[in-house]
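Worksheet: the structure to be examined is printed underneath.
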Amino acid sequence: MSDAPLPTPGQPEPDAPTPQTPASSTGFAQEAEWLRGKGDNSDVVISSRVRIARNLSGFPFMTTASRADRLQILEVCKRRLLGLAMGPGQRVMWVDLHAASADERDALVERQLISRNHAKGKLSSGRGSSDEPRGVAVILPEERVSAMVNEEDHLRLQSIRSGLALDECLADVDSLDDELEKGLDFAFHQRFGYLTACPTNVGTGLRLSVMLHLPGLKMTGELEKASRAAHDMGLAVRGFHGEGSEADGDFYQISNQTTLGKSDALLLRELNDEIVPTMIGYERHARAKLFGDRRDATHDTVARALGTLRHARLLRASEAMELLGLVRLGIVGGLITDVPIERVHGLLLGIQPAHLQRIAGRKLAPRDRRSVRAELCRGRLSVG
Amino acid sequence: MRCERCEREATIHEVIIHAGKKRERHLCESCANNAGLSSDPHMPISKLIASFMLGPDGADPDEEDAAVQPSSEPIAPDKPAVRCAGCGLTYAGFKETGLLGCPGCYDAFGARLGPLIERAHEGGCHHVGKFPRRALRDCRSLGDHDRVEVLLGNIREREERLDAVRKSLAKAVRDEDYERAAMLRDELGRMSDLLGSGIADGESGASGLGDTTDTEDSPA
């Protein structure tokens with residue numbers, strides 16, 4: 001078995017963690033690549049994400065797997081993931097989540113590398129606990145491709161990129177899937193395709209999602225209409241942190257709901273070529289109103305948001321998200337010119353509890369987080 | 001239109017087509033919520049499964065008749081619970097969590113699961129798209145026809161799958177959605193190669209699946 005760090009052709013990185021090291025401040029770049037604010041249609045599309053679910057044949061699903069089964073599944077998948085051939089400068093970081101601290105797990109959730117349930121060791125049914133054997137592999141330094149092991153399915157492969165890049169994300173997970181399949185037998189059914197614990201994922205096991213920033217629709221009162229239209233098109237609409245989260249800052253994730261009966265290419269086409277462009281069109285139309293007829297009022301709103309972030313002494317995460325969303329709108333519309341958009345994106349991650357503690361370098365009580373969060377925003381957004 | 005449960009205006013309209021029968025429901029927001037037909041975008045997936053797959057009232061559409069039976073008439077106590085031989089999960093256990101226990105559950109509960117899956121996937125009932133390439137290649141090179149059938153299905157099942165894509169292709173052409181039609185034509189070509197080649201390899205005497213793309217109806 002190969003648990004050793006992958007050889008990294010190219011320059012060695014002195015601070016690179018060994019694969020067994022739990023996520024720590026040395027494991028990641030300062031900012032996640034998917035939050036760079038670059039890429040196609042990045043005025044509206046923050047990021048794109050593609051995830052596929054796979055299960056090993058010959059093993060029960062997580063629902064009925066014994067602890068011995070789980071340990072073996074973990075071992076088999078981990079060995080295969082750590083044995084992947086990497087490109088120049090790339091390496092695999094492996095995190096045993098059952099051994100990681102709650103803060104380390106939360107940081108991975110905030111970076112969207114694992115789900116909340118995976119952090120807790122729970123299935124969607126609520127069963128499970130934090131000592132369930134499970135892990136995640138992240139390909140560094142891009143932090144774009146990752147693989148959760150022993151989540152609701154044995155393997156969930158994911159790629160996340162800035163802007164509208166669903167086709168690139170699909171290509172990432174498709175090639176990872178092919179590489180893994182060379183050494184693993186996946187549960188596959190002639191009628192139902194790739195078998196998953198939850199029948200809502202069966203077939204392709206493919207979930208395509210985009211995170212959209214829709215403040216224009218919100219401010220013009222058209223969000224509800226657009227949201228219903230998305231539902232009617234068979235899409236799920238969720239907040240910044242995915243399932244069950246609120247859409248603070250007007251960030252929304254939309255994703256396909258069906259996975260059976262349509263090929264990967266067709267599912268991609270429906271979202272990428274039809275639905276997302278429609279939503280982008282709605283949002284741009286709404287923004288044109290805000291930056292046209294209602295320019296003064298919009299300018300006032302975004303400038304006040306920036307003023308609050310530059311001077312507040314206490315900030316809740318939801319309030320900070322709301323204000324950062326407005327500042328982002330101001331930057332995209334050319335109303336705010338002295339703040340780079342990357343800084344706002346960096347703060348979207350930095351103000352989250354686990355990252356805030358990493359930046360502060362200490363554990364913070366919820367009460368203290370507000371003042372540290374405000375201090376961070378003041379520092380990052382200060383004039384000059 | 002009035003809500004069918006109270007006097008308020010019905011704002012949620014649901015149409016369910018199950019086993020060829022159409023059923024409509026017209027409810028106000030409040031009664032829809034009570035019936036599990038929430039339009040809440042933040043609904044957790046487990047609740048969604050309960051409302052979506054197991055019927056709006058949490059009842060399996062297959063068992064609706066049983067569900068309305070008076071409690072004095074218990075449902076066939078001597079009838080053994082449907083249980084997966086692979087992992088021991090019962091169908092009732094699946095309904096509780098919305099999660100299956102092992103790959104074998106898909107066959108063990110196939111008859112009841114099929115319609116639920118079809119409903120959850122907006123009519124999709126056959127996998128279309130990627131398949132485990134290496135596993136299939138291995139089986140074919142080893143001449144393991146049984147395993148190939150496990151992966152791809154028998155002749156009849158393969159023909160059904162091709163037929164489903166052919167129908168979608170014909171619909172796309174009728175709707176003049178040529179981009180979609182082109183994708184389906186490519187998909188049909190890939191499937192014909194994949195499913196047809198197994199047959200050509202001598203898994204069965206039937207043939208003719210490899211050249212079934214209806215190019216006449218397809219866009220250029």
Side-chain angles (χ1 to χ4, degrees), chain A residues 52 55 57-65 123-127 152 174 177-178 181-183 185-200 202-204 206 227-228 231 234 236-239 243-247 252 257-267 269 273, chain B residues 39 41-46 48-49 52-53 84 86-89 93 96-107 110 113-114 116-118 120-135 149-154 157-158 160-161 164 168 179-180 183-184 186-187 190:
Chain A
I52 55 173
N55 286 279
S57 72
F59 285 96
F61 295 145
M62 299 304 291
T63 346
T64 56
L123 301 176
S124 62
S125 60
R127 270 190 52 200
E152 185 170 282
D174 195 37
D177 179 42
D178 287 343
E181 203 262 332
K182 285 178 187 168
D185 273 329
F186 293 141
F188 187 85
H189 190 281
Q190 52 83 16
R191 178 178 168 199
F192 295 122
Y194 289 96
L195 300 180
T196 52
C198 181
T200 54
V202 81
T204 55
L206 181 68
S227 177
R228 285 209 180 273
H231 278 291
V237 183
R238 303 187 172 107
E243 202 173 291
S245 66
E246 295 296 327
Y252 294 86
Q257 287 279 60
T258 61
T259 53
L260 183 68
K262 289 176 187 168
S263 68
D264 314 53
L266 193 56
L267 289 166
R269 185 210 161 214
D273 300 355
Chain B
S39 53
H42 306 302
M43 186 191 260
I45 193 78
S46 53
L48 261 180
I49 294 161
F52 199 53
M53 295 205 54
C84 171
C87 65
L89 184 76
E96 223 170 84
T97 62
L99 298 174
L100 293 161
C102 73
C105 290
Y106 279 92
D107 286 321
L113 207 51
L116 293 179
I117 289 178
E118 198 173 329
H121 293 279
E122 295 172 358
C125 51
H126 284 101
H127 173 60
V128 181
K130 199 172 177 179
F131 61 95
R133 296 188 185 95
R134 193 265 317 148
E149 278 215 0
V150 168
L151 291 172
L152 298 181
N154 62 30
E157 290 161 337
R158 293 185 215 181
E160 271 176 19
R161 285 165 63 188
S168 300
E179 206 182 330
R180 187 186 185 93
M183 293 188 79
L184 287 164
D186 294 346
E187 187 63 43
R190 276 194 297 272

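In this text, all values refer to a predicted model and were calculated from it rather than measured experimentally. A, B, ... follow the sequence lines: proteins, then strands. Residue 1 opens every chain.
Closest approach of A/Thr64 and B/Cys87 over heavy atoms only: OG1-CB, 3.7 Å. Minimum heavy-atom separation, A/Thr200 to B/His121: O-CE1, 3.2 Å. The shortest non-hydrogen separation linking A/Phe188 to B/His127 is CZ-CD2, 3.7 Å. The two residues A/Pro60 and B/Cys102 have their closest heavy-atom pair at CA-CB, 3.8 Å. The two residues B/Arg134 and A/Lys182 have their closest heavy-atom pair at NE-O, 3.4 Å. For the pair B/Ile117 and A/Pro199, the tightest heavy-atom approach, listed with the atom from each and the gap, is CG1-CB, 3.9 Å.
Only the side chain of A/Asp273 comes within contact range of chain B, judged by heavy atoms closer than 4.5 Å. For A/Leu267, no part sits under 4.5 Å from any heavy atom of chain B, backbone or side chain. For A/Arg191, the parts sitting under 4.5 Å from any heavy atom of chain B are the backbone and the side chain alike. The parts of A/Asp185 that come within reach of chain B are both its backbone and its side chain, each placing non-hydrogen atoms under 4.5 angstrom from that chain.
Contact count versus chain B (heavy atoms, under 4.5 Å) is highest, among A/Leu206, A/Thr259, A/Asn55, for A/Thr259. Contacts with chain B were tallied for A/Gly193, A/Ala197, A/Ser57; A/Ala197 has the most, counting heavy-atom pairs under 4.5 Å. Ranked by heavy-atom pairs shorter than 4.5 Å toward chain A, the options B/Gly101, B/Cys125, B/Gly114, B/Gly123 are led by B/Gly101. Note on B/Pro132, B/Gly129, B/Cys84: by heavy-atom pairs under 4.5 Å with chain A, the leading option is B/Pro132.
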Check your understanding: Can A/Leu266 and B/Arg180 be said to form a side-chain contact (heavy atoms from CB on, under 4.5 Å), step by step?
Key -> CA-CA 8 Å; A/Leu266 193 56; B/Arg180 187 186 185 93; 3.9 Å; yes

Practice item. Mind running side-chain contact (heavy atoms from CB on, under 4.5 Å) on A/His189 and B/Asp107 for me, showing each step along the way? Key: CA-CA 9 Å; A/His189 190 281; B/Asp107 286 321; 2.9 Å; yes

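Side-chain contact between A/Val202 and B/Tyr106 is present, with heavy atoms from C-beta onward closer than 4.5 Å. Side-chain contact check for A/Phe61 versus B/Pro103: some heavy-atom pair is nearer than 4.5 Å.
Expressed to the nearest 0.5 Å, how far CE of B/Met183 lies from NZ of A/Lys262 amounts to 11.5 Å. The CD atom of B/Glu122 sits 5.0 Å away from the OG1 atom of A/Thr258 when rounded to the nearest 0.5 Å.
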